[in-house]
Structure formats: structure tokens, C-alpha cells
Amino acid sequence: MTTAVENPTNVATAARLLLVDDDPLITRSLSEFLRLEGYQVDTATDGSSAIAMLAANRYNLVLTDVNMPRTNGLELLRTIKNHYPDVVVLVITGYGTIENAVEAVKMGAFEYLTKPIIDDEIRVTIQKALKQQTLLSENFQLKQQLNMRYGLDNIVGHDYKMLKIFDLVEAVADSRTTVLMTGESGTGKSLIARAIHHRSPRKGKPFVEVSCGSIPETLLESELFGHVKGSFTGATYDKQGRFLAASGGTIFLDEINSASPAFQVKLLRVLQERKFEPVGSNQTISVDVRVILASNQDLAKLVEEGSFRQDLYYRVNVVNIILPTLRQKLGDIPLLAESFLKKFVTEMDKKIGGFTPEAMDMMMRYTWPGNVRELENAIERAVVLTKRPLITPEDLPQQVIDAQPKASGGGEVTQDAGFGTQDFVWTPMPLKQAIEGPEKAILLAALKANQWNRQATAQQLDINRTTLYKKMKHYGLDLPDGVSDE
Ligand SMILES: Nc1ncnc2c1ncn2[C@@H]1O[C@H](COP(=O)(O)OP(=O)(O)OP(=O)(O)O)[C@@H](O)[C@H]1O
Ligand SMILES: [Mg+2]
């Protein structure tokens, strides 16, 4: 063994290592050796405690055994690759479990070492791995900067539909162009409206939001344009309207689809001339405001049905931003989920490292009728309720759990398994990656239908057992508790 003084690399001196093994003899002797090598070393006896420690501390490298109780080394590796992509992993395997080691490298482990561990071998491997970690970490930081470029302020999205929207926001922000936003409830219309205002030269001036659908028709006009004292019963003083309040800034008229015909006429005038008269007054007021409108229904259709004025439609439909439903941007679910998790974990000062693969799968399959708002609420609830280091399926709302596919008795996967052609939403990615979701669902359905008998499942799928084992390992499809290894 060498001492810290002889340690040749600067990278290594500052590095913090997490050593995971259920054998206390190994953790003790190895951590002693590594500390003498100049590293900071923490130890854990199983994958679950390691995940909790990863959530609480920053590590450069994790050195893990494969066979451990609770969460094993490969599951730990998967979690690290998903949630801490800049942490490098070395896997230690016992004699005769080389298959696991190969699998681990395929899953992204830097290297594997076999027991018994030889000092020189581990020393060199750790030094190499830490060099790799420095690269990973730089790469990760670059990616985060890119995320900031693509995620507008606090708006998260990688889906190309969202990227196009971000470009549109950038393009229109500088001008006074009227923007119409269409999208279901909870898709982010209000958020984007604010983003446009904050990116515009008007950002120092007021942003005034009016929910047209929630103000009684009789009051809407006075709310927006103001009124003079005595103009109607109850008008006991002069009131400044919201248009004037937004002077120099932006007014956001939400739920514009619910505007009455009479109000539509008034709106048309103010959009055309930026002029209006308060209720009960002859005085014409001019304002400089940017108008952003939102509708949760297709206005073109309302024009066809005769409930929305065509001339007003042409006026408001200068730039139309159509927000996709969450279902139409499936690829953004993990990104949004992680970002909400980070937000609530910080707010509530909890230690949660991420989601189990099962919980993430469930979220990917659910339809989210309430869109991003529903997802945000689900994550907030999970963060409040969970006592575990990762969010598991049990922490998700009942409707998300209930919506999961059930395996049919035969060899088929039912339509509600989440990849029927009619609800398959395309996010650009390599075919190999795209096939993984359906393949995992098929394997799971087949295994369940055969009570996890792998011989029978392999036969039905017409693949050999080894292939099935490999795929199960790849997708983390472990035998449920109570099912014995054949
Ligand atoms: N891309 C996104 N990134 C981060 N948060 C988002 C995103 N889209 C929506 N949200 C969040 O989801 C919630 C709902 O968004 P928002 O209020 O903008 O939806 P909306 O379309 O205006 O809904 P409604 O029609 O019900 O008014 C908000 O808390 C918002 O911050
Ligand atoms: Mg809104």
C-alpha cells in the first residue's frame, strides 16, 4: 500500500468516493486503503442506503458490489446513470459472476473489478475512472447550459414542439404583436404569456392577467375599461380599468373563448385602435399595451359555429402558439417530473434522489388529462407523502396507478398498454430506443400472464431463456417478492 503523499494525481486528492458492499470486511479494508490513497471515502451496505447517500452528498465515484440485499448493484448503477449522470461507477464482482460484470459495463459502468481486489489494479482503475469523471462532469455542465438555452427561464421542455414554441417566443417578444395561445387547461398558456412579457422590452412595466371566463359578463367591461362614478348601480367611485393599469406593459386576456358578443365588439375596437371609453364616460383613452390572449378551445371552430366573431378572430390570430398536451410530448415527462421534484425537494427540504424506474414508467403511461398542472400536483403530493429516498409507484395518485395496463390471459398485450397506434405520439429518437418502451411492456405482460415462469414466457415469445433473462435484466424486470427463482 502507498500513502497519500505518494498519490500522483491532483484529481484524485479531492475526490469523494462511495463504497457499497454488504460485506463489512471488504468495506473496512478497502475504505482504509482508499483513505490512505488520499480519497474521501463513505461506505454503505446496500443499494438503497447508497441511493439515500447519493441524494444527500456529491460523489465523484461509486464503487459497488453486485449481489447485495434490497437494491442490488445493477439497480444502483441504473439509478446513478439516470439521476447522477456525471458520477462514474466501478463494479466489483465475486468470482463466477462475470455475466453480471459484463451487463454492468453495458449499462454504463466504467469498468469492473473481480474479487479478490488487487491494490495496484484498483489504484490504476480509480485514477482512470476519475479522469473520465472530470470529462463527464464538464459534459454535464455544458448540457445544463444548453438546457438553459432551450428551457426558457423556468419553462422546461426538450420536445421539438416545445423548442419551436421557445423560438416563437423569442421571435415575437420584442414587438407589440398580438399573440394568441391555444391549448388545454394546464398546458402552460399562462406561463408562456409571462415568458413573452419578461423577454420583451416591456418587462419593467406591469403584466396584468384577466381571466375573462371568471368575471360576470356585466362586470367584465368595467373591469377592463374602468367606469365613472354613478355610471351604474354600485359604481360609487371612479374605477381605473385593467387596460389602463397595464399601460406600457402587457395585458393577458385568458379564456377569451368565453367572451360575450357585446364584449367581443369592444375588444375588437381596443385591439384595432388601442383606444376605449370607460363605462359611463365620453372621454376616449389611448393606451400602449401589448395584448396576449389565451383560449382553451379552437377559436376557428367557434367562428364556424357562429359564437366568435370572425373579424375579431382575424385580429387576434396574428401569431398563434398552440401548446401540446402532455400526452403529445411524452418525452418531456421525465424532464418535467425531475424538475418539479427538484423544486419541491428544495422547498420542503427533503432528501429524495429521484424516481424508481417503475414509478417513471407509470407516469409515462398515464394520460394526464390535467396536463403539466396535474403532473406538478402529483409530484408535490409524492414529495409530501414519501418517506423513501426514491419516489415509488405507491407515492403516485390513485388515478395514475389505476390507469396501468393489465396483462390479458393469452399472449397478447391489451390496447391500454399505452402504445396502441392511435395514442402513439412520436418524439424523435433512434428506433432502438423507441422500441424499448413497448418491448418492456410486452415482456412484463407476458411474464405476468405466466406467473413469472420464465421457461413458459420464453416459449410463448419464441425466444430462448438466456435472451429473456438478459432482457429482464436490461429492463430491470425483477421477480416480484414471493416468486421463487426457478
Ligand atoms: N413547460 C413547463 N415547464 C415547467 N412548468 C410548466 C410547464 N408547463 C406548465 N407548467 C406548470 O404547470 C402549471 C399549469 O400551467 P399554466 O397555468 O401556465 O397552464 P394554463 O394552460 O394557463 O392552464 P389554464 O387553461 O387552466 O389556465 C403551472 O404551475 C406551470 O408553472
Ligand atoms: Mg392559465
Side-chain angles (χ1 to χ4, degrees), residues 1-81 83-84 86-105 107-134 136-137 351 353-354 388-390 478:
M1 284 193 187
T2 54
T3 63
V5 188
E6 288 165 320
N7 189 335
T9 55
N10 289 332
V11 201
T13 356
R16 187 164 183 184
L17 275 46
L18 176 61
L19 176 58
V20 196
D21 200 308
D22 57 333
D23 182 345
L25 275 178
I26 294 198
T27 44
R28 206 173 312 137
S29 68
L30 203 53
S31 59
E32 198 175 296
F33 167 69
L34 293 170
R35 279 189 195 114
L36 284 170
E37 287 283 302
Y39 300 111
Q40 274 191 72
V41 188
D42 293 335
T43 59
T45 48
D46 61 64
S48 301
S49 344
I51 289 169
M53 293 176 76
L54 277 156
N57 308 292
R58 258 201 70 70
Y59 292 102
N60 303 87
L61 182 144
V62 174
L63 200 63
T64 179
D65 187 20
V66 175
N67 295 321
M68 290 181 296
R70 294 165 72 197
T71 308
N72 72 33
L74 293 183
E75 285 164 339
L76 173 62
L77 171 62
R78 184 174 301 116
T79 305
I80 295 174
K81 288 290 124 190
H83 301 289
Y84 308 97
D86 59 337
V87 176
V88 53
V89 182
L90 287 179
V91 168
I92 308 172
T93 58
Y95 175 75
T97 50
I98 192 87
E99 223 181 75
N100 276 341
V102 173
E103 187 64 32
V105 171
M107 284 168 60
F110 177 73
E111 188 57 277
Y112 66 87
L113 297 161
T114 42
K115 290 179 191 170
I117 294 162
I118 299 155
D119 288 357
D120 276 342
E121 191 183 1
I122 194 164
R123 177 182 300 130
V124 173
T125 314
I126 288 185
Q127 281 170 7
K128 274 201 274 177
L130 285 171
K131 276 198 189 127
Q132 161 92 351
Q133 197 269 334
T134 313
L136 274 179
S137 173
K351 301 238 179 308
R388 290 170 280 248
L390 289 178
D478 293 330

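Because only heavy atoms are used, hydrogens play no part in the values below, and waters and symmetry mates are left out as well, while side chains stay in. What you see is a predicted model; the values in this text were computed from it and never measured.
Under the 4.5 Å side-chain criterion, counting only non-hydrogen atoms from C-beta, L54 is in contact with L18. Counting heavy atoms from C-beta outward, F110 and K128 have side chains that approach closer than 4.5 Å. Counting only heavy atoms from C-beta outward, the side chains of H83 and I51 never approach each other to under 4.5 Å. Considering only heavy atoms from C-beta on, M53 stays 4.5 Å or farther from V20 through its side chain. L61 places a side-chain heavy atom less than 4.5 Å from the side chain of L130. Inter-residue side-chain proximity for Y84 and V62 is flagged as unmet; no heavy-atom pair is nearer than 4.5 Å. Side chains of E121 and L113 form a contact here, defined as non-hydrogen atoms less than 4.5 Å apart. Between M107 and K81, every side-chain heavy-atom pair lies at or beyond the 4.5 Å cut-off.
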Handout entry: CA sep, side-chain torsions, deciding dist, call: L34, I126, side chain to side chain contact (heavy atoms under 4.5 Å, CB included)
Key = CA-CA 10 Å; L34 293 170; I126 288 185; 3.4 Å; yes
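Among pairs with a residue in residues 39-61, those fulfilling salt bridge (charged side-chain N to carboxylate O under 4.0 Å, His left out) read R16-D42, D46-R70, R58-D86, at least two apart in sequence or across chains.
For the atom pair OH (Y112) and CD (E103), the distance works out to 12.5 Å, reported to the nearest 0.5 Å. The CG atom of L17 lies 11.5 Å from the OG1 atom of T43; values are rounded to the nearest 0.5 Å. K115 NZ to T93 OG1: the interatomic distance, rounded to the nearest 0.5 Å, is 8.0 Å.
Contact between G73 and M68 at its shortest, heavy atoms only, is N-CE, 3.6 Å. Shortest non-hydrogen contact noted between V88 and A129 is CG1-O, 3.5 Å. In plain terms, the two heavy atoms of S31 and T27 that are nearest each other are OG-O, 2.6 Å. When all heavy atoms of E111 and T125 are compared, the pair lying nearest together is CG-CG2, 3.8 Å. For the pair Q133 and N60, the tightest heavy-atom approach, listed with the atom from each and the gap, is CG-O, 3.1 Å. Contact record, A104 with V91: CB-CG2, 3.7 Å, taken as the closest heavy-atom pair.
For the salt bridge (Lys or Arg N to Asp or Glu O under 4.0 Å) test, no residue two or more places apart in sequence or in another chain qualifies with R28. With sequence neighbours left out, the side-chain contact (heavy atoms from CB on, under 4.5 Å) criterion links N100 to V66, N67, L74, T97, K473.
The side chain to side chain contact (heavy atoms under 4.5 Å, CB included) test with L30 singles out one residue from D21, L63, D119, V41, and that residue is L63.
For the pair Q127 (side chain) and V124 (backbone), a donor-acceptor distance under 3.5 Å is absent.
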